[in-house]
Undergrad: 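Could you have a look at this structure, given as structure tokens, before my questions?
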Amino acid sequence: MAESNFVPRATSHVILDLDGTLLNTVFILYEYLVTDAITNEVLKVFIMRYGKEWDSRKAHRIVGRTPAEAAAIIVEDYELSCTLEEFISQITPMFFDQWCNIKPLPGSNRLIKHLTSHGIPMALASNSPKSNIEEKISFHEGWKEAFSVIVGGDEVNMGKPSPEIFVEAAKRLNVDPSTCLVVEDSLPGVTAGKEAGMLVVAVPSIPKQGGLYNSADEVINSLLDLHLEKWGLPPFDDWVEDTLPIEPCYIGGPVVKGFGRGSKILGIPTANLPAENFSSVLSEHTSGVYFGWAGLSSQGIFKMVMSIGWNPYFDNAEKTVEPWLLHDFGEDFYGEELRLAIVGYIRPEANFPTLESLIARIHEDGRIAERALDLPIYAGYKDSPYLKISCNEVITGRPV
Ligand code: ADP
Ligand code: RBF
Ligand code: MG
């Protein structure tokens, strides 16, 4: 895998892709990629106007393409009775109306703030036209000022996978391509960065496809796992005792049956919540091991460590949330209201050679969470009103 390609080399400039790398424009619904929620909705409505039905499972064909290429693919796939030009001119305003709703991916704001504060010059390089890029980033505070260079697909002859966009970005940054670090989610983007002679970290937005990104210098799960010191850049300084504080996120609902293997196979019970109660958490949170506080209606508030993702060891088809409450209850509590405040991140989900090594790692996560939750930055969330539910409140209690 990409590990063997790993060549440490100091870089001094960072070139970022936008869609799917900094912005959550790739939306995953269970195992299907439906591109981003917005593209999906816009295309669905548009294609309906032509009497056709949008099939989100085919959306992977347009990921990482220029808008013109994506348009050509869609017009052909759906046999739409319009020209390419008509398609583009009709659909473009539909997108403009939606851009204010696109959210940054976990770690985007952190990365941009960090590099800005250390004076590392940054460029944005995207296949989208420059005016679209500028419009999209205008909704995010501090982003416009952070990039000294923006190169759009309309400013070069050929978009990614051609290296042209990245070569142009280095030229405008006034540096040699070899001193640039590229961060990219798409395969065409990784190819383009390597062809340009740059170091490339891939953050695939499509799960379970890491193996395709062999040409990247490193493949990571999310921007939270980016270790800048590997590339000669100033390291993040916000990790505390093996944990990374995140913007707290609150989810809850009645405990339901899961895969039935937590306690049986691992000796680690995980209390599952109904999928509809946390669909936004599943789509917005990158997979990984997180921790926080758990409120259980009849029992009180407990420390909690959890995984979000596909549990690679078991190769699940669905993304799930698996919270393990760090307390010995001695019995099941199916049906009870469980409320979670997720406050920190520990590591990406991983595969393990043996069941024993998976179990040992989960216990280690438990110890990390146990210790971290006593730190002042995390301890305060124990008092979140959201967690304090009595049995009567459950009926009116609304998950946030
Ligand atoms: P399932 O696949 O149904 O989730 P598990 O074997 O993972 O089954 O067991 C989870 C169940 O065990 C929870 O739903 C809950 O009722 C119970 N349970 C008991 N102790 C704990 C704990 N410390 N953390 C999470 N769940 C627990
Ligand atoms: N499953 C994995 O396949 N890989 C992991 O790295 C992983 N990490 C976990 C960390 C924690 C704290 C917990 C509670 C579970 C983790 N699991 C992981 C999920 C475990 O496989 C899961 O609890 C069972 O699959 C439940 O059905
Ligand atoms: Mg479980």
Side-chain angles (χ1 to χ4, degrees), residues 30-31 207-208 210 219-222 224-225 241-244 246 249 251-275 277-278 281-282 285-373 378 387 389 391 394:
Y30 303 108
E31 76 261 51
K208 299 183 180 182
V219 182
I220 56 174
N221 184 60
S222 86
L224 302 179
D225 303 314
E241 299 196 11
D242 300 323
T243 69
L244 180 65
I246 58 164
C249 160
I251 53 170
V255 175
V256 297
K257 290 261 175 195
F259 294 107
R261 63 175 173 232
S263 6
K264 278 192 205 79
I265 302 180
L266 303 171
I268 300 168
T270 52
N272 298 70
L273 295 170
N277 289 38
F278 51 78
V281 171
L282 286 185
H285 263 270
T286 41
S287 60
V289 177
Y290 297 82
F291 65 94
W293 295 99
L296 196 56
S297 48
S298 62
Q299 317 242 11
I301 293 174
F302 305 92
K303 290 176 175 174
M304 176 278 301
V305 65
M306 66 195 286
S307 78
I308 299 182
W310 289 266
N311 306 334
Y313 184 85
F314 296 99
D315 198 23
N316 290 352
E318 285 185 14
K319 196 177 182 185
T320 63
V321 174
E322 304 277 347
W324 176 31
L325 278 54
L326 300 170
H327 178 82
D328 190 1
F329 293 93
E331 56 179 10
D332 287 344
F333 41 81
Y334 290 109
E336 272 198 50
E337 179 79 7
L338 174 66
R339 299 273 176 95
L340 307 175
I342 309 167
V343 300
Y345 173 75
I346 298 178
R347 63 173 177 94
E349 274 199 306
N351 205 339
F352 291 85
T354 60
L355 191 63
E356 290 67 38
S357 52
L358 168 65
I359 294 170
R361 181 62 237 211
I362 299 176
H363 281 282
E364 171 67 12
D365 296 328
R367 283 189 293 273
I368 292 172
E370 184 95 45
R371 270 198 309 271
L373 286 163
Y378 300 122
L387 299 176
I389 25 155
C391 294
V394 172

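Side chains included, hydrogens not; waters and symmetry mates left out as well; all remaining heavy atoms used. Ligands are counted one by one from 1 in listed order, and the atoms in each one are counted from 1 as well.
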Undergrad: So is N351 close enough to ligand 2, meaning a heavy atom under 4.0 angstrom away?
TA: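 Per 4.0 Å heavy-atom rule, N351 does not contact ligand 2.
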Undergrad: Does some side-chain heavy atom of L373 sit less than 4.5 Å from a side-chain heavy atom of V343?
TA: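 Yes; the side chains approach each other to less than 4.5 Å.
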Undergrad: Please check this pair: side chain of N221 against backbone of E349, looking for a donor-acceptor N/O pair closer than 3.5 Å.
TA: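 Looks like no, no N/O pair under 3.5 Å.
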Undergrad: Just which atoms of ligand 2 are under 4.0 Å from any heavy atom in V289?
TA: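 Going through ligand 2 atom by atom, the ones under 4.0 Å from V289 are 8 (N), 10 (C), 12 (C).
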Undergrad: Assess the side chains of S297 and E336: does a donor N or O sit below 3.5 Å from an acceptor N or O?
TA: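 Yes, because at least one side-chain N or O of S297 sits under 3.5 Å from a partner of the opposite role on E336.
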Undergrad: Does E331 have a heavy atom less than 4.0 Å from any atom of ligand 1?
TA: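 Yes, E331 has a heavy atom closer than 4.0 Å to ligand 1.
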Undergrad: Number the atoms of ligand 1 from 1 as they appear, then name those within less than 4.0 Å of a heavy atom of A271, with their elements.
TA: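 Here the atoms of ligand 1 in question are 13 (C), 14 (O), 25 (C), 26 (N).
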Undergrad: Flag R347 as yes when one of its N or O atoms lies below 3.5 Å from any N or O atom of ligand 2, and as no otherwise.
TA: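 Indeed, backbone or side chain, R347 has an N or O that close.
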Undergrad: If you measure from atom 12 (C) of ligand 2 to every heavy atom of T270, V305, T320, which option wins on shortest distance?
TA: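 Selected option, by shortest heavy-atom distance: V305.
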Undergrad: Number the atoms of ligand 2 from 1 as they appear, then name those within less than 4.0 Å of a heavy atom of P312, with their elements.
TA: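 Going through ligand 2 atom by atom, the ones under 4.0 Å from P312 are 2 (C), 3 (O), 4 (N).
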Undergrad: Would K257 pass as a cation-pi partner of Y334, given that its NZ or CZ must be under 6.0 Å from the six-membered ring centre and within 45 degrees of the axis?
TA: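 Yes.
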Undergrad: Does the pair L273 and L340 meet the rule for a side-chain contact (heavy atoms from CB on, under 4.5 Å), with working shown?
TA: CA-CA 10 Å; L273 295 170; L340 307 175; 4.1 Å; yes
Undergrad: Can a non-hydrogen atom of W310 be found less than 4.0 Å from any atom of ligand 2?
TA: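 Per 4.0 Å heavy-atom rule, W310 does not contact ligand 2.
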Undergrad: Checking ring-ring contact (aromatic ring centres under 6.0 Å, His included) against F291, which of Y345, Y378, W324 comes through?
TA: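 When ring-ring contact (aromatic ring centres under 6.0 Å, His included) is applied between F291 and each of Y345, Y378, W324, only Y378 qualifies.
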Undergrad: Within a distance under 4.0 Å of any heavy atom of S307, pick out the atoms of ligand 2 and give their elements.
TA: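 Those of ligand 2 that fall under 4.0 Å from S307 are 9 (C), 10 (C), 15 (C), 16 (C), 17 (N), 19 (C).
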Undergrad: Less than 4.5 Å apart, side chain to side chain, heavy atoms only: is that true for E322 and N272?
TA: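 They are in side-chain contact.
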Undergrad: Looking only at N/O atoms, are Y313 and ligand 2 under 3.5 Å apart anywhere?
TA: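 Yes, at least one N or O pair falls under 3.5 Å.
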Undergrad: To the nearest 0.5 Å, what is the distance between CG on L266 and CD1 on I359?
TA: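 Here the rounded value is 5.0 Å.
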Undergrad: Answer side chain, backbone, both or neither: which part of I362 comes under 4.0 Å from ligand 2, heavy atoms only.
TA: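 The side chain, only.
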Undergrad: Over 60° means perpendicular and under 30° means parallel, so tell me whether H327 and F302 are parallel, tilted or perpendicular.
TA: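 Geometry flag for F302 against H327: tilted rings.
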Undergrad: State if A350 counts as touching ligand 2 under the rule of any non-hydrogen atom under 4.0 Å.
TA: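 The answer is yes, since A350 has a heavy atom less than 4.0 Å from ligand 2.
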Undergrad: For the pair K303 (side chain) and E370 (backbone), establish whether a donor and an acceptor sit closer than 3.5 Å, ignoring hydrogens and angles.
TA: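 Yes, the answer is positive, given that a donor and an acceptor are paired below the 3.5 Å cut-off.
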Undergrad: Under 3.5 Å between any N/O of M306 and any N/O of ligand 2: does that happen in this structure?
TA: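 In this structure, M306 places no N or O atom under 3.5 Å from an N or O of ligand 2.
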Undergrad: Heavy atom of I268 under 4.0 Å from ligand 2?
TA: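 Outside the 4.0 Å threshold, so no.
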Undergrad: Can you sort out which atoms of ligand 1 are near V255, meaning under 4.0 Å from one of its heavy atoms?
TA: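 Numbered from 1, ligand 1 contributes 14 (O).
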Undergrad: Could you tell me, atom by atom, which parts of ligand 1 come under 4.0 Å of a heavy atom of D332?
TA: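 Answer for ligand 1: 12 (O), 16 (O), 17 (C).
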Undergrad: Measure from the side-chain N and O atoms of S222 to the backbone N and O of L224, and report whether any donor-acceptor pair falls under 3.5 Å.
TA: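 Such a contact is found between S222 side chain and L224 backbone.
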Undergrad: Quick one: pull up CE in M304 and OG1 in T270 and give me the separation to the nearest 0.5 Å.
TA: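 Reported to 0.5 Å precision, the distance equals 12.0 Å.
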Undergrad: Is the closest N or O pair between G258 and ligand 1 shorter than 3.5 Å?
TA: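 In this structure, G258 places an N or O atom under 3.5 Å from an N or O of ligand 1.
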Undergrad: At a 4.0 Å threshold, what atoms of ligand 2 neighbour a non-hydrogen atom of F314?
TA: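 That gives atoms 21 (O), 25 (O) of ligand 2.
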Undergrad: I'd like to check V289 versus I368 (side-chain heavy atoms, cut-off strictly below 4.5 Å). Are they in contact?
TA: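 Side chain of V289 against side chain of I368, heavy atoms only: no contact under 4.5 Å found.
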Undergrad: Please say whether W324 places an N or O atom under 3.5 Å from an N or O atom belonging to ligand 1.
TA: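 No.
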Undergrad: Please check whether L325 reaches ligand 1 - meaning an N/O of the residue sits under 3.5 Å from an N/O of the ligand, judged on distance alone.
TA: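 Yes, there is a polar N/O contact under 3.5 Å.
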Undergrad: If you count the atoms of ligand 1 from 1 in the order shown, which ones are under 4.0 Å from a heavy atom of H327?
TA: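 Heavy-atom distances to H327 below 4.0 Å select 23 (N).
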Undergrad: Salt bridge or not between R367 and E364? Use side-chain N to carboxylate O under 4.0 Å.
TA: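 E364 and R367: salt-bridged.
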Undergrad: Has ligand 1 got any nitrogen or oxygen that is less than 3.5 angstrom from a nitrogen or oxygen of N272?
TA: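 N/O-N/O distance under 3.5 Å: yes.
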Undergrad: In Å and rounded to the nearest 0.5 Å, what is the OH to CD1 distance from Y290 to I246?
TA: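 So the gap between those two atoms works out to 6.0 Å.
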Undergrad: Counting only heavy atoms, tell me which of N272, L326, N311 gets closest to atom 2 (C) of ligand 2.
TA: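 Result: the heavy atom closest to atom 2 (C) of ligand 2 is in N311.
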Undergrad: Nearest 0.5 Å, what's the CG-CZ distance between N351 and F314?
TA: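 Interatomic distance, N351 CG to F314 CZ, rounded to 0.5 Å: 10.0 Å.
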Undergrad: Heavy atoms only: which of D365, D315, L358, I368 lies closest to atom 7 (C) of ligand 2?
TA: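 Considering heavy atoms of D365, D315, L358, I368, the nearest to atom 7 (C) of ligand 2 sits in L358.
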Undergrad: Would F333 count as a polar contact of ligand 1, with the cut-off being nitrogen or oxygen pairs under 3.5 Å?
TA: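 Yes, F333 has an N/O under 3.5 Å of an N/O on ligand 1.
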Undergrad: Is ligand 1 under 4.0 Å from a heavy atom in the side chain of F329, in the backbone, in both, or in neither?
TA: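 For F329, only side-chain atoms sit under 4.0 Å from ligand 1.
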Undergrad: What atoms of ligand 1 come closer than 4.0 angstrom to any heavy atom of K257?
TA: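 Going through ligand 1 atom by atom, the ones under 4.0 Å from K257 are 3 (O).
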Undergrad: If we only count N/O pairs under 3.5 Å, is E349 in contact with ligand 2?
TA: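 There is no such contact.
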